[in-house]
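Here's the structure we're looking at; comments come further down.
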Amino acid sequence: MNGLSSAARRVREHARSIVQLELELALTEVKRKASALAAGIGLAAGAALFGFFALAFGLAAAAAGIATELPVWAALLVVFGGLLLLAGILGAVGAALLSRGKLVPEKAIEEARLTTEALRNGHRD
């Protein structure tokens, strides 16, 4: 009976170690993904700021150019319509990209599933 309780204790300790390692894997994976996401957000924000200023100057130049042929109010209305169309397209593409992003530790979940399956079936790899 002593050998059985010793074996049960070792199995419990190994299972606890496996669970701890899987939790560490999940945490590491989420941290890596969050870090990449944060860097991407920071770079996108910087690009958006410079893009905003470039766009403002470009739109002012476009409106001034159109105003040579049309009244100023009509030139501004043309530029407004173009901006509205562009905003709609960018918003739709951005929403589609955001819906695909997720912070799920896929590798850790798969590893946990495989470990659970192996423990249930009693296989050793």
Side-chain angles (χ1 to χ4, degrees):
M1 193 63 114
N2 191 14
L4 184 59
S5 67
S6 175
R9 184 174 51 252
R10 283 195 311 267
V11 167
R12 186 177 64 239
E13 289 171 1
H14 286 296
R16 184 179 298 135
S17 296
I18 290 171
V19 168
Q20 288 174 343
L21 289 173
E22 288 176 353
L23 287 174
E24 288 177 27
L25 174 64
L27 183 61
T28 301
E29 190 175 349
V30 168
K31 282 182 181 178
R32 182 182 52 80
K33 287 183 176 187
S35 175
L37 183 62
I41 289 171
L43 291 173
L49 179 65
F50 285 110
F52 172 76
F53 287 124
L55 183 64
F57 279 98
L59 292 172
I66 295 171
T68 61
E69 296 296 321
L70 297 174
V72 174
W73 68 267
L76 292 174
L77 193 58
V78 167
V79 172
F80 166 76
L83 284 175
L84 199 57
L85 180 65
L86 182 64
I89 292 169
L90 291 177
V93 171
L97 290 176
L98 287 175
S99 69
R100 289 192 309 182
K102 52 186 170 179
L103 288 175
V104 177
E106 295 163 354
K107 292 178 185 174
I109 291 171
E110 177 63 17
E111 184 64 30
R113 187 191 64 76
L114 292 172
T115 301
T116 302
E117 185 178 305
L119 288 174
R120 283 187 185 147
N121 295 332
H123 292 115
R124 290 183 127 181
D125 290 335

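Numbers here simply count residues along the sequence, with the first being 1. Just so you know, these numbers come straight off a predicted model, no measurement behind them.
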- Atom pair CG/OG1 of Asn121 and Thr116 - distance to nearest 0.5 Å: 10.5 Å
- Rounded distance [0.5 Å steps], CG in Leu37 versus CZ in Arg32: 12.0 Å
- Message: Please give the remaining members of the hydrophobic cluster of Leu49, linking ILVMFWY side chains under 4.5 Å, ordered by chain and number.
- Response: Phe52, Phe53
- For Leu59, which residues count as a side chain to side chain contact (heavy atoms under 4.5 Å, CB included) partner, sequence neighbours excluded? Leu55, Val79, Leu83
- Item | Residues which pass side chain to side chain contact (heavy atoms under 4.5 Å, CB included) with Ala67, listed by chain and number, not counting sequence neighbours | Val72, Ala75
- Please name all residues satisfying side-chain hydrogen bond (donor to acceptor under 3.5 Å, both in side chains) with Glu110, sequence neighbours left out, ordered by chain then number. Arg113
- Under the side chain to side chain contact (heavy atoms under 4.5 Å, CB included) test, residues paired with Lys33 that sit two or more places apart: Glu29, Leu103, Glu106
- Message: Apply the hydrophobic cluster definition, ILVMFWY joined by side-chain contacts under 4.5 Å directly or through others, and give me every member besides Leu84.
- Response: Trp73, Leu77, Phe80
- List, by chain and number, the other hydrophobic cluster members for Phe50, where Ile, Leu, Val, Met, Phe, Trp and Tyr join if side-chain heavy atoms come within less than 4.5 Å, directly or indirectly. none
- For Ala74, which residues count as a side chain to side chain contact (heavy atoms under 4.5 Å, CB included) partner, sequence neighbours excluded? Leu70, Pro71
- Item | Residue pair Leu25 / Ala108: nearest heavy atoms and the distance that separates them | CD2-CA, 3.7 Å
- residues 11-26 vs side chain to side chain donor-acceptor pair (under 3.5 Å), sequence neighbours excluded, gives Glu22-Thr115
- Query: Which ILVMFWY residues can you reach from Leu23 by hopping between side chains whose heavy atoms are under 4.5 Å apart?
  - Reply: Val19
